[in-house]
Asker: 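Handing you a structure now.
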Amino acid sequence: MEAFSKLTSRTVVLRERNIDTDQIIPARFLTTTERKGLGRYAFNDWRRHADGSLKPGFPFNQAQNEAAQILVAGRNFGCGSSREHAPWALMDLGLRAVISAEIADIFRSNALKNGLLPIVLDESVVDALIAQPGIEIHIDVARRELSLPDGSRHVFPLDAFARTCLLEGLDQLGYLLRHAPAITRYEELHHAC
Amino acid sequence: MNSASNTPKTLFDKLWDAHTVVAETDDAPALLYIDLHLIHEVTSPQAFSELEQRGLRVRRPHRTCATLDHSTPTIPRTHGEAPRFNDAQALAQVETLRRNCRQHGIELFDFDDPNRGIVHVVAPELGLTQPGMTIVCGDSHTATHGAFGALAFGIGSSEVAHVLATQCLLQRKPKTLAITVNGCLRDGVTAKDLILHIIGVIGVNGGTGHVIEYRGETIRALSMEERMTVCNMSIEAGARAGLIAADQVTFDYLAGTPRAARGEAFAAAVAHWREWRSDEGARFDREVEIDAGAVQPTISWGTHPGQVAAVDARLPAMPHADESKALAYMGFAAGAPLLGHPVDVVFIGSCTNARLSDLREVARMLQHRRIHPRVRMLVVPGSENVRREAEAEGIDVIVRAAGAEWREPGCSMCIAMNGDLVAPGQLAVSTSNRNFEGRQGPGARTVLASPATAAACAIAGVIADPRMLIRTEAA
Ligand code: SF4
């Protein structure tokens, strides 16, 4: 995972609440054995007509949003399935952070494993961000802080381990493997295997 | 023993403590040991690739078990005939799982294995799922196994790799939510109606950050299959896991399963399993009470599983923005009754409602009746075992005689990856668990319902109240 300490980007906004993983990437695109290249299927059914042509009104189809790395979305983003294809698809689309008033548990955990930063803020702050799509935001992971163009700053919750993983690009599997002696002790104590 | 052991503990706390390899601190999450790891073709390939890239082996292959379900065809085939995949990539994914299982010595329920089926149907019916275990799978409906007093939750593919390589997961301890259900379920009201009702009460995000324990006299009175239906949909309320304490119902169910211990060993196991319940006086972070007597046959009307109503209710008359969007997607008018709305497809299947008792219920409704000519109805058993038992009872004959399709086991229209899908704009009444936009195919509209309600809709050709048919039967 790439280290992630600071990010400045314009926002792209999807105001809907309860955006589920079937919208983020529909199940029919899950037959891949790869992690890469899923961005073209992100939000497929919102983004494209049945014949595959793009819907011009959808934010991810608009030129001014092409370089946006921060998604602002309605409450309960990422609910639904455990498919890690959802954060893979969003990252392949170029996103590095998702801001919402609430983010579903498994999506959040999957996102962090891939260096996609889930940011939960008060609904009033998120509503204000939803009302002004395209503003430039600065994110500082070390300070767990978001700064807006009006000079206001907002601290977001981020667990110490998640923060270290992001800042150092820590490999979680490597971290787990370093605990092999403790795992062996546990197995001997409980399962005799 | 320290004094902390005298404090009453919740079932969740007991499961968590018993599986903690390294305790959590402010700086790091806990290492939690995983007893049983279930895998399937769709979310495992990237995990095995990761092991390969790092030159790692599977730490405890006998703790992992694989099945084929998500993208497998359900088209009936004659003995020895190969399954007809609609998509070469899906077949390649299946072949990848076969190769990975072979290389790492993992048991796989392949095509033509008598135990193949939907992962959350297979593990319980074989007795692989047992009280006191931690169980994970790269699938969010892993919560199903919580019905046995096991801590079971869905994980992503990176975590699948973690479990394969280390048999452990990094986890922050979630909060606990007790949902206590008392009173009697009325005639015609099932476990599916109860869980849809509960999600309606607490909301699609009502369980976020929590593990739910379902308790109370109504839950105790449910069969294991009904308990699985309830726990299965915990994720639809945002909770990662749902739990029900192990009791005699659990032990009796497991006594008949092929992978549980036998004889004295089974009796010894039961003695341990009895501990997997919350202590008297244990404290939960949150508590909710539900009156079972207030639950009606319940269906979803919108595009997330919290948008539910009694089948004979009216749609919201003054919908807010999200509800208006959902109504527009579903083709429903604000304030209109749900009953009588034309139905195109009925799907009986999924890890929520495709076990033998579900199919029996459907057969009871369909017997001596025909489904409405407009309706296409698919009945997809949850596993090969369920299919065999159902066929031994003649359920397949009743289903076909009624004009419905009797298919091979798999996830089928629940996730619409295998070619079984609902056409754009069509309305499907489904016994599955998700009604998100496009879940059953692009543009498809889904109404979630119990097997009884779904069967009643198939017969009537419109959204119908199962109690009407049940009453006609009684008359
Ligand atoms: S039946 Fe549906 S919910 Fe269950 S495992 Fe299959 S796809 Fe997932």
Side-chain angles (χ1 to χ4, degrees), chain A residues 15-23 26-35 44-46 48 50 74-76 79-88 102-107 109-111 113-114 159-162 164 171-177 179-180 182-183 185-187 190-191 193, chain B residues 18 21-22 26-29 31 33 42-43 45-46 49-50 54 56 59-60 70-71 87 89-90 92-93 96 138-140 142 153-159 161-162 165-168 170 172 174 204-205 208-209 235 238-240 304 306 322 325 415-417 424 434 436-439 442-443:
Chain A
R15 60 184 320 127
E16 286 79 2
R17 292 167 169 236
N18 304 307
I19 294 178
D20 58 83
T21 52
D22 278 277
Q23 307 319 312
R28 60 187 188 281
F29 303 117
L30 305 184
T31 53
T32 175
T33 55
E34 305 282 326
R35 288 169 186 249
N44 187 84
D45 297 350
W46 287 2
R48 293 174 192 277
R75 181 176 270 279
N76 198 27
C79 60
S81 89
S82 62
R83 63 188 70 157
E84 200 162 317
H85 309 68
W88 293 338
E102 184 168 30
I103 296 182
D105 289 338
I106 311 183
F107 177 85
S109 150
N110 283 337
K113 288 195 174 54
N114 292 278
D159 140 326
F161 185 75
T164 310
D171 152 34
Q172 295 196 14
L173 179 49
Y175 174 89
L176 270 166
L177 288 165
H179 284 89
I183 301 171
R185 256 196 318 279
Y186 178 92
E187 286 179 331
H190 291 80
H191 310 278
C193 61
Chain B
V21 175
V22 177
D26 285 348
D27 290 334
L31 251 75
Y33 196 79
V42 174
T43 56
Q46 294 86 353
S49 308
E50 190 159 347
R54 295 173 186 243
L56 296 169
R59 183 178 173 95
R60 299 288 174 214
H70 278 66
S71 62
D87 169 349
Q89 239 191 325
Q93 218 175 30
T96 304
D139 185 284
S140 57
T142 310
F153 52 91
I155 57 176
S157 299
S158 294
E159 290 175 312
H162 294 180
T166 69
Q167 208 57 43
C168 285
L170 289 165
R172 283 282 174 201
V204 268
N205 48 0
T208 305
I235 182 74
R240 286 191 71 177
H304 70 63
D322 290 344
K325 184 167 179 266
I415 190 163
M417 283 186 74
R434 288 198 171 132
F436 297 141
E437 285 183 23
R439 169 77 177 185

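In what follows, chains carry the letters A, B, and so on, assigned in the order in which the sequence lines appear, proteins first and then strands, with residues in each chain numbered from 1.
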Asker: So which of A:Leu30, A:Leu173, A:Asn114 has the biggest tally of heavy-atom pairs under 4.5 Å with chain B?
Answerer: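 Highest number of pairs under 4.5 Å: A:Leu173.
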Asker: Less than 4.5 Å to any heavy atom of chain A: does that hold for the side chain of B:Thr96, its backbone, both, or neither?
Answerer: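 Looking at B:Thr96, just its side chain touches chain A.
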Asker: Once you round to the nearest 0.5 Å, how far does CD1 of B:Ile235 lie from CZ of B:Phe153?
Answerer: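 Going from CD1 on B:Ile235 over to CZ on B:Phe153, the span is 11.5 Å.
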Asker: Taking every heavy-atom pair that is under 4.5 Å apart, which of A:Glu16, A:Glu84, A:Arg28, A:Arg17 has the most such pairs with chain B?
Answerer: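 Of the options given, most contacts go to A:Glu84.
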Asker: Between B:Gly443, B:Gly209, B:Gly306, B:Gly438, which shows the greatest number of heavy-atom pairs under 4.5 Å with chain A?
Answerer: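 With the most close heavy-atom pairs to chain A, the winner is B:Gly209.
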Asker: So which part of A:Glu34 gets closer than 4.5 Å to some heavy atom of chain B, the side chain, the backbone, both or neither?
Answerer: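 Backbone of A:Glu34 only, per the 4.5 Å heavy-atom cut-off to chain B.
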Asker: So what's closer than 4.5 Å to chain A heavy atoms on B:His304: side chain, backbone, both or neither?
Answerer: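 Side chain of B:His304 only, per the 4.5 Å heavy-atom cut-off to chain A.
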Asker: Look up atom CD1 in B:Ile155 and atom NZ in A:Lys113, then write down how far apart they are to the nearest 0.5 Å.
Answerer: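 It is 9.0 Å, given to the nearest 0.5 Å.
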Asker: Under a 4.5 Å cutoff for heavy-atom pairs, which residue among B:Ala239, B:Ala28, B:Pro174 has the most contacts with chain A?
Answerer: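 Option with the greatest count: B:Ala28.
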Asker: Where is the tightest heavy-atom contact between B:Tyr33 and B:Cys168, given as atom of each residue plus distance?
Answerer: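 Closest pair (atom of B:Tyr33, atom of B:Cys168, distance): CD1-SG, 3.9 Å.
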Asker: Name the option with the most non-hydrogen atom pairs under 4.5 Å to chain B; the candidates are A:Arg75, A:Arg83, A:His179.
Answerer: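 Heavy-atom pairs under 4.5 Å are most numerous for A:His179.
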Asker: With chain A as the partner, which of B:Gln167, B:His70, B:Arg240 has the greatest number of non-hydrogen pairs under 4.5 Å?
Answerer: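 Sorted descending by pairs with chain A, the first entry is B:Arg240.
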Asker: What part of B:Asp26 is in contact with chain A, defined as an atom under 4.5 angstrom from a non-hydrogen atom: side chain, backbone, both or neither?
Answerer: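 Contact with chain A: backbone only.
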Asker: Is A:Ser81 in contact with chain B via its backbone, its side chain, both, or neither, using a 4.5 Å heavy-atom distance?
Answerer: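 Looking at A:Ser81, backbone and side chain both touch chain B.
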Asker: So, taking the atom named CD in B:Glu50 and the one named OG in B:Ser158, what distance separates them when rounded to the nearest 0.5 Å?
Answerer: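 If we round to the nearest 0.5 Å, B:Glu50:CD and B:Ser158:OG are 5.5 Å apart.
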Asker: Are B:Val21 and A:Arg185 close enough, and set up right, to give a side-chain contact (heavy atoms from CB on, under 4.5 Å), and what steps lead you there?
Answerer: CA-CA 9 Å; B:Val21 175; A:Arg185 256 196 318 279; over 6 Å; no
Asker: Check each atom of A:Arg15 against the heavy atoms of chain B and say whether the ones under 4.5 Å are side chain, backbone, both or neither.
Answerer: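 A:Arg15 has no heavy atom closer than 4.5 Å to chain B.
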Asker: So that I can tick it off, tell me whether A:Asp171 and B:Arg54 are bridged by a salt bridge, with the cut-off set at under 4.0 angstrom between side-chain N and carboxylate O.
Answerer: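 A salt bridge links B:Arg54 with A:Asp171.
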Asker: So which atom in B:Gln46 and which in A:Thr32 form the shortest heavy-atom distance, rounded to 0.1 Å?
Answerer: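 Scanning both residues, the minimum pair turns out to be NE2-O, 3.5 Å.
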Asker: Which of the residues B:Ile415, B:Asp87, B:Thr142, B:Leu31 is involved in the greatest number of heavy-atom pairs with chain A at under 4.5 angstrom?
Answerer: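 Option with the top pair count is B:Leu31.
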Asker: Supply the atom-to-atom distance B:His162 NE2 to A:Gln172 CD, rounded to the nearest 0.5 angstrom.
Answerer: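 Reported value, rounded in 0.5 Å steps: 5.5 Å.
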Asker: A:Phe29 versus chain B, heavy atoms under 4.5 Å apart: side chain, backbone, both or neither?
Answerer: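 Neither the backbone nor the side chain of A:Phe29 comes within 4.5 Å of chain B.
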Asker: With only heavy atoms counted, which part of A:Thr164 is less than 4.5 Å from chain B, the side chain, the backbone, both or neither?
Answerer: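 Neither part.
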Asker: Is A:Phe107 close to A:Cys79 at the side-chain level, that is, under 4.5 Å between some pair of heavy atoms?
Answerer: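 SC-SC contact between A:Cys79 and A:Phe107 ruled out.
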Asker: Picking from B:Ser140, B:Pro45, B:Ala18, which has the most non-hydrogen pairs under 4.5 angstrom with chain A?
Answerer: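 Max contact count across the listed options: B:Ser140.
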Asker: Sort A:Asp159 into side chain, backbone, both or neither according to what part of it lies under 4.5 angstrom from a heavy atom of chain B.
Answerer: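 It is the side chain, since no backbone atom gets that close.
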Asker: Answer whether the closest heavy-atom distance between the side chains of B:Leu56 and A:Leu177 falls below 4.5 Å.
Answerer: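 Yes, their side chains come closer than 4.5 Å.
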Asker: Can you check whether A:Asp105 reaches B:Arg172 side chain to side chain, under 4.5 Å on heavy atoms?
Answerer: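 No, side chains not in contact.
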